[in-house]
Every structure is written in C-alpha cells, then in structure tokens.
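In what follows, residues are counted from 1 in the order of the sequence shown.
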Amino acid sequence: SVVITSPDPSLDGFARMFTLRVNREIQRMNIRKTVRDVATDAMFGPGIFLTGISADAQGPYSESDSLLERPGRPYCVRLDYDGFVRDPTVSEVENCAMLGYRERATYYRALHSGLYDRAELKRLQEYHDTTKRQGAKEQGKDTSVAHYVDELELLHLWLPRTGELVTMP
C-alpha cells in the first residue's frame, strides 16, 4: 500500500485521491505476487521484471496476461528466463546492444491490436498456415482449419543506444 502526501495543505484532497488510484493500479497489476515470484527466481538464477505502460492501441481487448490486451495501462510482470533475449556478445547488461523478450499472441489479437503492419501479418499467416497444413498432410493428419490455433511469436526488443523499443512478429 502506498501513501501519497503533499506539504501544501490545499493539495491534501488530491493526494488522497491519487493514493487511492495508485493503490488500485498496484492491486490490479498484482505486484505482490509478481515480486514474490521474481524473488524466488532470483534465489536460483536471474529474476526479471518487465514494467512500463502498454502501447495505446484500439481493438477488442479484455484483461489477460498478454500486454497487447491492456492498451495504455501500466504493467509489472515476471519474465521467464527462457523468453528473455539479450545481446550475447557482452557480459554486462549496461553494454548490451539490445534486451528483450518473446511473447506469444494469437494472430487475431496481433492483427487487431493496431501495433503491427496488417499486410506483413497477413503474409506471415499465409506462410504459417501453408507450412503447418503441409506438415500435417505428410503425417496423414486432419488439415481442416478447426484443428489449428493461430499464434505468432512476437519479439520485443529495447535498443539502449538509440532508446527505441522495437516489436517484430
């Protein structure tokens, strides 16, 4: 729980309202559980947080684990070390050319998030469908559309030297 105060008595009402809002966001982000999970990770290896504000995009969103589905909202999530990506040429994080993580998202959500080039996503989807169905046909499996969940792996990279955040499907 956070308490926000002001040395100016005329701002006490604003400080109380801001305290309520910040505590509500902390509760919604489930920070207590995230910190506990990352602390446990850190006892046996790297414990990695990802914090920030999701991209403000339009689309059919609901609350879930995907950052694509919380536009304009702050977040604090634990990253699995398996999904963590960093510059393999250096040992110090301060000297990395890039840091990032992998995220899985459904094709539909990525397409409707407004964050990616629609033509590029459609081209990737066509390639993905053809490859999957061809492999299933060779194995004698059913190739109907109902048997496939369309997912993309998104790579989110931070480039510290330029200060840019790049996301690639």
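- Counting all heavy atoms, side chain and backbone alike, S91 lies closest to R86 at O-NH2, 3.1 Å.
- Contact record, T19 with I4: OG1-N, 2.9 Å, taken as the closest heavy-atom pair.
- Minimum interatomic distance between P160 and C96 (heavy atoms only, all atoms of both residues): CG-O, 3.5 Å.
- The salt bridge (charged side-chain N to carboxylate O under 4.0 Å, His left out) pairs that include a residue from residues 37-51 are K33-D37, D41-R78, where partners are two or more places apart or lie in different chains.
- Following chains of ILVMFWY side-chain contacts shorter than 4.5 Å, one can reach V22 starting from V35, so the two form part of one hydrophobic cluster.
- Grouping the Ile, Leu, Val, Met, Phe, Trp and Tyr side chains by contacts below 4.5 angstrom, directly or via other members, places W158 with Y81.
- For T51 against C76, the heavy-atom pair with the smallest separation is CG2-SG, 3.8 Å.
- Checking side-chain atoms of D80 against main-chain N and O of D82 turns up no donor-acceptor pair under 3.5 Å.
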Run the side-chain hydrogen bond (donor to acceptor under 3.5 Å, both in side chains) test on S6 and D8 for me, step by step, so that the C-alpha distance in whole Å, both residues' side-chain angles and the decisive distance to 0.1 Å come before the verdict. CA-CA 5 Å; S6 170; D8 184 351; 5.5 Å; no
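- Two residues are said to be in side-chain contact when any heavy atoms from C-beta on lie closer than 4.5 Å; M98 and V85 meet this criterion.
- V2 and M29 fall within the same hydrophobic cluster, defined by Ile, Leu, Val, Met, Phe, Trp and Tyr side-chain heavy atoms under 4.5 Å apart, directly or through other members.
- The 12-atom threshold is not exceeded at CD of Q27, counting heavy atoms of other residues, nucleotides or ligands nearer than 6.0 Å.
- To the nearest 0.5 Å, atoms CZ (F49) and CD1 (I31) are separated by 8.5 Å.
- For the atom pair D87 CG and L157 CG, the distance stands at 10.5 Å (nearest 0.5 Å).
- To the nearest 0.5 Å, atoms CG (L159) and CG (L165) are separated by 8.0 Å.
- Using a 4.5 Å cut-off between side-chain heavy atoms of Ile, Leu, Val, Met, Phe, Trp and Tyr, with links allowed through other members, F84 and Y75 fall into the same hydrophobic cluster.
- Open room surrounds CZ on F18; 12 or fewer heavy atoms of other groups in view lie less than 6.0 Å from it.
- From R32, atom CZ reaches atom CZ of R36 across 8.0 Å, with rounding to the nearest 0.5 Å.
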